[in-house]
Amino acid sequence: MIVRCEGCAAKYFLPESKIPENPVKVRCPQCRAVFTLVPPTVVAATAKKPAAPAAPVAGTAPKPAQAAPVAGTAPKPAQAAPVAGTTPKPAQAAPVAAAAPVAAPTTPRPSEVSQPRPQAPGKNNRKEARARRLARVLVSDILCYNQEKRDQALIDGNLMTVLGDEIKKSWELYKEKVGADVAKSTDYFKEALNEILAEGQKVF
């Protein structure tokens, strides 16, 4: 973070680890002037994690479906009415085919159900998140110390010309902190310029 004295306009670089959460009073080492250090607001994006599927409750078994009537069984024959004066013969039942045994449903054990394991964030993800956060801090510093110039430049349409020197200094500091490879392979600094300094307009 770049800190500028309000008395003598001297600039100092404050490491990211020493940026306070709330405004504090500081004294300039050169002119001994006391001014308020206001930290910039940093908005960190959060990735929504997918919810893990619910595991089946141990000890509960699904309800077995009702078995369909077994094929091969013959209906019982209707008994004929007896003739007067004769003794009716008992009707013989038709043979019933043997039904195949129905297998009972099995309940899966909780240990057999596979559950996805959350993956730990990789080193590259942490490095890119730090680069995105640093880009927003540096661009917020430009806006903090050049609010009136920025507002007029947006009206006149010459934002790059008016704040070109400040943007170049912040860019060089950004490359030094995150590395030239990360700075050139990502658009974090450019996105911060358009979102914070240009108020959402695609100027850079």
Query raised in the report: Taking atom CD1 of I142 and atom CD1 of I196, what is their separation to the nearest 0.5 Å?
Result: 9.5 Å

**Report entry** ILVMFWY cluster, Y145 and V24 together (side-chain gap under 4.5 Å)
**Finding:** yes

Requested in this report: Look up atom CG in L138 and atom CG in L197, then write down how far apart they are to the nearest 0.5 Å.
Outcome: 12.0 Å

Report summary line: Contacts satisfying side chain to side chain donor-acceptor pair (under 3.5 Å) that involve residues 195-204 (not counting sequence neighbours) are R136-E195, R150-E199

Report task. Please identify each residue that fulfils ring-ring contact (aromatic ring centres under 6.0 Å, His included) with Y188, with sequence neighbours left out. Result -> none

Requested in this report: Measure the CZ-CG distance between R4 and N146 for me, rounded to the nearest 0.5 Å.
Outcome: 5.5 Å

Query raised in the report: Which value, rounded to the nearest 0.5 Å, describes the distance between L134 atom CG and S170 atom OG?
Result: 9.5 Å

Query - For C8, side-chain contact (heavy atoms from CB on, under 4.5 Å) partners two or more places apart - result: C5, A10, C28, Q30, C31

Query - hydrophobic_cluster_shared for V34 and V26, side chain cutoff 4.5 Å - result: no

Query raised in the report: Sequence neighbours excluded, which residues qualify as salt bridge (charged side-chain N to carboxylate O under 4.0 Å, His left out) partners of K149?
Result: none

Report task. Please report the shortest heavy-atom distance between V139 and A192, naming the atom on each side. Result -> CG1-O, 3.5 Å

Requested in this report: For V203 and A198, work out which heavy atoms get closest and say how close.
Outcome: CG2-CB, 3.7 Å

Query raised in the report: For K168, what residues pass the side-chain contact (heavy atoms from CB on, under 4.5 Å) criterion, not counting sequence neighbours?
Result: none

Query raised in the report: How about E148: does its CD atom have over 12 heavy atoms from other parts shown lying under 6.0 Å from it?
Result: no

Query raised in the report: Going from CG on N194 to NZ on K190, what distance comes out if it is rounded to the nearest 0.5 angstrom?
Result: 7.0 Å

Report task. Can you measure from CD1 (I167) to CZ (F189) and round to the nearest 0.5 angstrom? Result -> 7.0 Å

Requested in this report: Output every pair passing side chain to side chain donor-acceptor pair (under 3.5 Å) with a member in residues 175-186, not counting sequence neighbours, ordered by first then second residue.
Outcome: none

Requested in this report: Please lay out, stage by stage, how D156 and V162 fare under the test side chain to side chain contact (heavy atoms under 4.5 Å, CB included).
Outcome: CA-CA 10 Å; D156 299 338; V162 174; over 6 Å; no

